[in-house]
Amino acid sequence: MSFKKERMQSIIKKEIGEFIIKELEKPALAHTTVTGVEISADLKQAFVYISTYGTSQEKAMAIKTLNKEAGSIRWEITRRIRARYIPQLRFEVDESIERGFKIDKLLNDIRKSN
């Protein structure tokens, strides 16, 4: 991966995270954190991974809300950073944290049973 692409991913992650916390006052996003951004090879799409606390319905609502607001979030990022092009944003739930907790619990269960 190029340094430029990595840097852009990092900047977009930071800016979206700040925008969600400070300016998007939506109840569905109360416990939402941006965990990562992955920009496609053609630099036209950015997959924004979020972690949110709650039920699967609450997570679905957070994704729906963010994808609905993707245009305004993208516009705000365009205002905040200097770049020729800001990719289209697509939000998805990051399941890696929950998978990590499940694996950790399984390993602890195995240790306790031995």
Side-chain angles (χ1 to χ4, degrees):
M1 181 181 324
S2 72
F3 176 75
K4 183 178 178 180
K5 186 175 168 182
E6 274 185 45
R7 177 114 169 97
M8 180 62 88
Q9 290 176 164
S10 175
I11 290 170
I12 289 174
K13 176 184 171 190
K14 176 184 170 280
E15 292 298 331
I16 291 174
E18 286 180 6
F19 184 73
I20 289 172
I21 291 169
K22 294 178 182 174
E23 298 183 39
L24 267 184
E25 296 175 357
K26 305 278 184 179
L29 305 176
H31 302 286
T32 301
T33 304
V34 178
T35 58
V37 173
E38 187 175 315
I39 297 176
S40 63
D42 63 1
L43 306 177
K44 295 192 186 250
Q45 279 276 3
F47 298 93
V48 183
Y49 297 98
I50 64 146
S51 175
T52 188
Y53 182 76
T55 66
S56 57
Q57 282 181 316
E58 291 169 330
K59 291 177 185 183
M61 181 56 83
I63 291 296
K64 183 178 178 181
T65 301
L66 286 167
N67 280 318
K68 183 178 173 188
E69 297 287 337
S72 61
I73 295 170
R74 182 175 180 243
W75 183 82
E76 187 62 34
I77 291 171
T78 302
R79 285 188 44 223
R80 293 179 181 202
I81 64 174
R82 293 183 184 265
R84 281 191 187 158
Y85 182 78
I86 301 297
Q88 295 291 325
L89 304 175
R90 182 173 164 199
F91 292 88
E92 297 181 10
V93 174
D94 183 358
E95 300 288 347
S96 65
I97 294 171
E98 287 181 22
R99 276 192 305 252
F101 282 134
K102 287 178 184 177
I103 290 170
D104 192 44
K105 183 182 180 316
L106 289 171
L107 290 172
N108 284 333
D109 291 347
I110 290 170
R111 284 186 201 119
K112 289 178 184 176
S113 66
N114 287 336

Visitor: Could you state the interatomic distance from CD1 (Ile63) to CG (Leu29), rounded to the nearest 0.5 Å?
Guide: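 Answer for the CD1-CG pair, Ile63 versus Leu29, is 9.0 Å.
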Visitor: Specify the closest pair of heavy atoms between Met8 and Ile81, including all atoms of both residues, with the distance to one decimal.
Guide: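 In terms of heavy atoms, the two residues are closest at SD-CD1, 4.1 Å.
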Visitor: Would Val37 and Ile11 show up in the same hydrophobic cluster when neighbours are defined by side-chain heavy atoms closer than 4.5 Å?
Guide: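 Linked, Val37 and Ile11 end up in one cluster.
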Visitor: My understanding is that only one of Ile20, Ile77, Val34 makes a side chain to side chain contact (heavy atoms under 4.5 Å, CB included) with Glu15; could you say which?
Guide: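 Of Ile20, Ile77, Val34, side chain to side chain contact (heavy atoms under 4.5 Å, CB included) with Glu15 is met by Ile77 alone.
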Visitor: Considering all heavy atoms of both residues, which atom of Asp94 and which atom of Tyr49 are nearest to each other, and what is their separation?
Guide: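 In terms of heavy atoms, the two residues are closest at CB-CB, 3.8 Å.
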Visitor: Look only at the side chain of Gln9 and the backbone of Gly36, and say whether a donor-acceptor pair between them is shorter than 3.5 Å.
Guide: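 Not at all, since once roles are kept as given, no pair shorter than 3.5 Å links the two residues.
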Visitor: Measuring from Thr32:OG1 to Tyr53:OH, what's the distance to the nearest 0.5 Å?
Guide: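 Spacing of OG1 (Thr32) from OH (Tyr53) equals 13.0 Å.
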Visitor: Show me the pairs that pass salt bridge (charged side-chain N to carboxylate O under 4.0 Å, His left out) and involve residues 65-75, at least two apart or across chains.
Guide: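 Pairs touching residues 65-75 that pass the test: Lys26-Glu69.
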Visitor: State whether the side chain of Ser51 and the backbone N or O of Thr35 hold a donor-acceptor pair below 3.5 Å, judged by distance alone.
Guide: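 No; zero donor-acceptor contacts below 3.5 Å.
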Visitor: Between Arg80 and Glu18, is the side chain to side chain contact (heavy atoms under 4.5 Å, CB included) condition met? List the steps.
Guide: CA-CA 11 Å; Arg80 293 179 181 202; Glu18 286 180 6; 4.1 Å; yes
Visitor: Considering only residues two or more places apart or on different chains, which pairs with a residue in residues 105-114 satisfy salt bridge (charged side-chain N to carboxylate O under 4.0 Å, His left out)?
Guide: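 Listed by first then second residue: Lys105-Asp109.
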Visitor: For the hydrophobic clusters of this structure (ILVMFWY residues joined by side-chain heavy atoms under 4.5 Å, transitively), does one cluster hold both Val93 and Ile12?
Guide: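 Per the 4.5 Å side-chain linkage, Val93 and Ile12 are co-clustered.
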Visitor: Nearest heavy-atom pair of Thr52 and Ala62: which atoms, and what distance?
Guide: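 Smallest interatomic distance, heavy atoms only, reads CG2-CB, 4.3 Å.
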Visitor: Hey, what do you get for CG (Leu43) to CZ (Arg84), rounding to the nearest 0.5 Å?
Guide: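 These two atoms lie 11.5 Å from each other.
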Visitor: For the pair Glu23 and Arg79, find out whether any cationic side-chain nitrogen is under 4.0 Å from an anionic carboxylate oxygen.
Guide: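 Between Arg79 and Glu23 there is no salt bridge, as every charged N stays at least 4.0 Å from the carboxylate O atoms.
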Visitor: Between Ile86, Ile16, Val48, Thr78, which is the residue that forms a side chain to side chain contact (heavy atoms under 4.5 Å, CB included) with Ile73?
Guide: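 With Ile73 as partner, side chain to side chain contact (heavy atoms under 4.5 Å, CB included) holds for just one option, Ile16.
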